[in-house]
Amino acid sequence: MRAAPFLVVLGIAMTAPNAARAATPAWDQAEQVNIELSNFAFSPAALHLRQGKVYRLHFVNKGSGGHNYAARTFFSAAQIDPRDLGIVQKGAVNLGKGEARDVRLVPAAGTYKVKCTHFMHSAFGMKGSITVN
């Protein structure tokens, strides 16, 4: 009778490494979603994603100056590819004029607000939302 608890613990210990490997997202198979930043607008302004799916958010700044895509709660709740962690700074992706950046992530369910934090940009309409179901 005493062997049964030992076998349960042994079984859990043997499957734990496999479970960790299975939880690693397939980053290279991410679905690309294009997000354009222009003078005082995001396109699309309302982004709809699926919870648990792997995405590559492809940000392109087509504006005449610098912009950012600030969604602190969204980025902090998402699982971000370790290679892309440095691109998200304080909950935002910053882009200079003409720049493009990619962030691979798995989003968490929720509704999130997005804005450009540059002076007066969100007041001029540079804001939006992300909905993850």
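Residues N39 and G65 come closest through the heavy atom pair OD1-N, 4.4 Å. When all heavy atoms of G96 and N61 are compared, the closest pair comes out as O-ND2, 3.0 Å. Contact between G128 and F42 at its shortest, heavy atoms only, is N-CD1, 4.2 Å. Smallest separation of non-hydrogen atoms from A108 and A77: CB-O, 3.5 Å. The minimum heavy-atom distance between N94 and Q89, with the atom names listed, is ND2-CB, 4.3 Å. Closest approach of P107 and A78 over heavy atoms only: CA-CB, 4.1 Å.
Once rounded to the nearest 0.5 Å, the distance linking CG of L47 with OG of S129 reads 8.0 Å. If you take CG on D84 and CG on L57, they are separated by 9.5 Å, rounding to the nearest 0.5 Å.
Linking ILVMFWY residues whenever their side-chain heavy atoms come closer than 4.5 Å, directly or via other members, places V33 and F59 in the same cluster. Under a hydrophobic clustering in which Ile, Leu, Val, Met, Phe, Trp and Tyr are joined whenever their side-chain heavy atoms come within less than 4.5 Å, directly or via other members, Y69 and Y55 fall into the same cluster. Residue F119 is grouped with residue F124 when hydrophobic side chains (ILVMFWY) are merged at heavy-atom distances under 4.5 angstrom, including chains of intermediate members.
Side-chain contact between C116 and K127 is absent, with no heavy-atom pair separated by less than 4.5 Å. No side-chain heavy atom of S122 sits under 4.5 Å from any side-chain heavy atom of F40. Between I80 and V103 the shortest side-chain heavy-atom distance falls below 4.5 Å. At a threshold of 4.5 Å between non-hydrogen side-chain atoms, the residues I35 and V60 do not count as touching. Using a 4.5 Å cut-off on side-chain heavy atoms (C-beta onward), L37 and M126 make contact. Contact of the Q29 side chain with the V54 side chain is not registered, since no non-hydrogen atoms from C-beta on lie closer than 4.5 Å. The shortest side-chain heavy-atom distance between N133 and T131 falls under the 4.5 Å cut-off.
Between H58 and D102, the side chains place a donor N or O and an acceptor N or O closer than 3.5 Å (distance only, hydrogens not considered). A donor and an acceptor atom, one from each side chain of H118 and H67, are nowhere located under 3.5 Å apart.
Listed by chain and residue number, N68, A70, K115 satisfy the side-chain contact (heavy atoms from CB on, under 4.5 Å) test with T117 (two or more places apart in sequence, or in another chain). With sequence neighbours left out, K62 forms a salt bridge (charged side-chain N to carboxylate O under 4.0 Å, His left out) with E36.
E99 has a carboxylate O that lies under 4.0 Å from a charged side-chain N of R101, or vice versa, which qualifies the two as a salt bridge.
Environment of NZ in K113: sparse, with no more than 12 heavy atoms of neighbouring residues, nucleotides or ligands closer than 6.0 Å. Other residues, nucleotides and ligands contribute over 12 non-hydrogen atoms within 6.0 Å of the CZ atom of R83.
Every pair passing ring pair (Phe, Tyr, Trp, His ring centres under 6.0 Å) that includes a residue from residues 71-104 is listed here, sequence neighbours excluded: F74-Y112.
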